[in-house]
*Asks:* 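Would you mind keeping the following structure in view while I ask a few things?
Any value given below was found using the heavy atoms of this structure, including those in side chains, with hydrogens, waters and symmetry copies removed. Throughout, a chain's letter reflects where its sequence line sits, starting with A, and its residues are numbered from 1.
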Number of protein chains: 2
Amino acid sequence: MTVRIEDVARLSGVSTATVSRALRGLPGVGGRTRELVFQAAKALGYTPSPTASSLASGRTHSIGLIQPDMSRWFFSTVLECAEQTFRRAGYDALVYSLPDYLGPDRQRFKARDLVGKVDAVLVLSLFFDRQEEAELHSLGVPAVFVSVRQEGYSHVGIDDEQAAAQACRHLITLGHKTIGHLSGQTNDLCPFAPTQRRRDGWKQTLQRFNLECSDSLDEAVTIMTASNGYLATNRLLDRRPDVTAILASSDEMAMGAVQAIRERGLTVGGDVSVIGIDGHDLGRPFGLTTVAQPVRKQGVAAAEVALKAVEGDLAQKTVIFPTSLIERTTVGPPPAR
Amino acid sequence: MTVRIEDVARLSGVSTATVSRALRGLPGVGGRTRELVFQAAKALGYTPSPTASSLASGRTHSIGLIQPDMSRWFFSTVLECAEQTFRRAGYDALVYSLPDYLGPDRQRFKARDLVGKVDAVLVLSLFFDRQEEAELHSLGVPAVFVSVRQEGYSHVGIDDEQAAAQACRHLITLGHKTIGHLSGQTNDLCPFAPTQRRRDGWKQTLQRFNLECSDSLDEAVTIMTASNGYLATNRLLDRRPDVTAILASSDEMAMGAVQAIRERGLTVGGDVSVIGIDGHDLGRPFGLTTVAQPVRKQGVAAAEVALKAVEGDLAQKTVIFPTSLIERTTVGPPPAR
DNA sequence: CTGAAAGCGCTTACAG
DNA sequence: CTGAAAGCGCTTACAG
């Protein structure tokens, strides 16, 4: 039924070894022979069996994309760009969802789910503990971490601390003095987590300007969704009605904050200002002021680093992209007293 | 280095055939023998080579997810749920991006990219022309279409015409008489495309109520993003400043419409009302009135249909989910004249 | 530049 | 219930 390499070999009058080499563009095949093989392959409509060639060569030509939740914009956008970069290079993208809830009973990464299936992995925004790192190591393929940084691995991301500081400075410049923060879950084991570093950026900037940065201004959520941002904002404003501005660690949380503020009968950008971090595609119609990160570029860059590693360049690399303030309508000066 | 089935066979004192059967839970293995094999496998940390077993069995245990653009919420949300459903059943998810721009030079689906790599495919919101259908057929695996309907294949989606009609009736009930429409690209070759059917739902509802439904009220875009919705709304309102309500074929377009209306100094839900279709997660903080579809359920349902097909149940199935109106703040009565 | 042959690590009739 | 052996369809030293 399906045509095999042997059929091509027979038709072109050479051995299967030569067909294999010719079709893959390996050196050491005569120009004339190569031509013949191509014609035969085309005439028969030959497509090599990927699983047979994987078994023989030990390479799968696919990359694992480990991430917490595709339905969130940041992840899906990185994935989309990574996938296209991989496909252009002839690699398939295998997505693997691993919830990023940090509870004690959380699901951990298991190498066996991916062993023998991928030539490299991208890990998005997931912190791996010692156990998971061991699993990753036993997978035996290069890994690049996006957004989160992991000791000993390549990394692409932004300077999260600076991003938060940038947002915070913008608010301070406008005159805000009581600035709340909506943060993601932090974990002592992972001081490099973006959520941790954004929180640090907020805190240190307030300190530098001699402004209050007590814990009562910080409200943490488990996962950084709009609805969690909404709930967190209500808790924050219940406790600290004197807050005049909120820095949310993600745009989706910021949008939830905006909703909460409006529902309380307050004006956004007037009574309470809101700034996010991300540069979400829907931030524009939303009117959301934010510190944007180049998300698509991170997807492409991460894929390129992974591709290089697959091709033998195992040097540990770090790619950090700059962020930029986008002013829209959710931030204004603090209300006059 | 890696442990093979032979190592397990040797340690447990049986043949590789028996190990293979025992580990996969096939019948015809003695309880005692099975136990021995499990222990040996565990002791050695054995994980079967997926590519070897694929080559031998002809099954890959992975499913292709063909879709236009993961960075858009609808697709990524369907994918996320499908992926989890597949993984729970022991299948990997291979994503494959295929832009849904319908230009003459568009990239077409090629079977060879996926042949031998998947046991089934999900196709999201992509219309396949005759050529692509032939490619899909030559792939030789079952396919289920989500959102778009394809002759001869299983399908999961909503009643797009009814969804648009539902939105339209809501506007009419409030007293709107001049209702614009933001539609996706339509294609004569594909009368079952959601965009086409939503447009039909809009048009027929207006006709039923004896309201204007001329082409000058309909503005089409290539892909249904917020920024295209924004541009389309400006074109529509330039041409027809008398429009008091807009039905957008997607929530993202609706958000763009809201932005455009505000920028023109008009009030949303006052001067011009906007209703979307989708039930986007961010519609809530946005305050967007919409006709929601159960997106996650569609992802799960599509995956289940595909899984059944892989397991031999090739009957063509159709799963249609109901939609529901969600009233928020972007729709109000038309302005008093 | 080219070929014969072993090998990748499983699964599956087939025979017992 | 179990095993010997062929077979899945390639790739890759090795030899020439």
*Asks:* With rounding to the nearest 0.5 Å, note down the distance linking CG in L94(B) to NZ in K117(A).
*Replies:* 11.5 Å
*Asks:* Looking only at the side chains, is there a donor atom on one of Q67(B) and S97(B) sitting less than 3.5 Å from an acceptor on the other?
*Replies:*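 Yes, side-chain donor-acceptor contact under 3.5 Å.
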*Asks:* How long is the straight-line distance from CG of L136(A) back to NZ of K110(A), given to the nearest 0.5 Å?
*Replies:* 13.0 Å
*Asks:* Kindly write out the residues that satisfy salt bridge (Lys or Arg N to Asp or Glu O under 4.0 Å) with D69(B), not counting sequence neighbours, or none if the list is empty.
*Replies:* R72(B)
*Asks:* Taking the side chain from E304(A) and the backbone from F86(A), do they hold a donor-acceptor pair closer than 3.5 Å?
*Replies:*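 Not a single qualifying donor-acceptor pair exists.
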*Asks:* What parts of residues 113-120 of chain B reach DNA chain D, counting only heavy atoms under 4.0 Å away?
*Replies:*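 Result for residues 113-120 of chain B: none.
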*Asks:* Need to verify one output field. Residue with the more 5' nearest nucleotide on DNA chain D, A56(A) or L55(B)?
*Replies:*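 It is L55(B), whose closest nucleotide lies nearer the 5' terminus.
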*Asks:* Are the side chain of S76(B) and the backbone of M70(A) linked by a donor-acceptor contact shorter than 3.5 Å?
*Replies:*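 Here the side-chain-to-backbone pair exists.
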*Asks:* OP1 or OP2 of dT11(C) sitting under 4.0 Å from any side-chain N/O of S20(B)?
*Replies:* yes
*Asks:* Rounded to whole angstroms, how far apart are CD1 on I5(A) and P on dC8(D)?
*Replies:* 14 Å
*Asks:* Name all residues meeting the salt bridge (Lys or Arg N to Asp or Glu O under 4.0 Å) criterion together with D113(A); count only those two or more places apart in sequence or in a different chain, and write none if there are none.
*Replies:*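 So D113(A) forms no salt bridge (Lys or Arg N to Asp or Glu O under 4.0 Å) with any residue.
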*Asks:* Would you mind reading off the distance between L23(B) atom CG and dT11(C) atom P, rounded to a whole angstrom?
*Replies:* 9 Å
*Asks:* Can you tell me how far C1' of dT11(C) sits from OH of Y46(B), to the nearest Å?
*Replies:*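 Result: 11 Å.
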*Asks:* Please state the C1' separation for the pair dG16(C) and dT12(C) - nearest whole angstrom.
*Replies:* 16 Å
*Asks:* Between atom NE2 in H61(B) and atom C1' in dC10(C), what is the gap in whole Å?
*Replies:*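 So the NE2-C1' distance, H61(B) to dC10(C), works out to 13 Å.
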*Asks:* Check this one for me: any side-chain N or O of R4(A) less than 4.0 Å away from OP1 or OP2 of dG7(D)?
*Replies:* no
*Asks:* In dot-bracket form, how is DNA chain D paired, counting a Watson-Crick or G-U wobble pair only if both its distances are under 3.5 Å and using | for bases paired to another strand?
*Replies:* |||.||||||||.|||
*Asks:* Can a donor-acceptor pair be found between the side chains of Q150(B) and E133(B) at a distance below 3.5 Å?
*Replies:* no
*Asks:* In whole Å, I'd like the distance from the CZ atom of R59(A) to the P atom of dG7(C).
*Replies:* 23 Å
*Asks:* Can you see whether R59(A) engages Y91(A) through a side-chain donor-acceptor pair at a distance of less than 3.5 angstrom?
*Replies:*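 Yes, Y91(A) and R59(A) have a side-chain donor paired with an acceptor closer than 3.5 Å.
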*Asks:* Give every pair of a protein N or O atom and an N or O atom of nucleotides 1-4 of chain D that lie under 3.5 Å apart, one pair per line with the distance.
*Replies:*
from	atom 1	to	atom 2	distance (Å)
dT2(D)	OP1	T33(B)	OG1	2.4
dT2(D)	OP2	G30(B)	N	2.8
dT2(D)	OP2	T33(B)	OG1	3.1
dG3(D)	OP2	S15(B)	N	2.9
dG3(D)	OP2	S15(B)	OG	3.2
dG3(D)	OP2	T18(B)	OG1	2.8
dG3(D)	N7	R21(B)	NH2	2.8
dG3(D)	O6	R21(B)	NH1	3.2
dG3(D)	O6	R21(B)	NH2	3.4

*Asks:* Considering only distance and modelled atom types, tabulate donor-acceptor pairs under 3.5 Å from the side chains of residues 24-31 of chain A, sequence neighbours left out.
*Replies:*
from	atom 1	to	atom 2	distance (Å)
R24(A)	NE	S20(A)	O	3.2
R24(A)	NE	S20(A)	OG	3.4
R24(A)	NH2	S20(A)	OG	3.0

*Asks:* Between C1' on dG9(C) and CZ on R24(B), what's the gap in Å once rounded to a whole number?
*Replies:*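 Going from R24(B) (CZ) to dG9(C) (C1'), I get 13 Å.
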*Asks:* Between E80(A) and Q84(A), is any side-chain donor less than 3.5 angstrom from a side-chain acceptor?
*Replies:*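 A pair is found: one side chain offers a donor N or O, the other an acceptor, under 3.5 Å apart.
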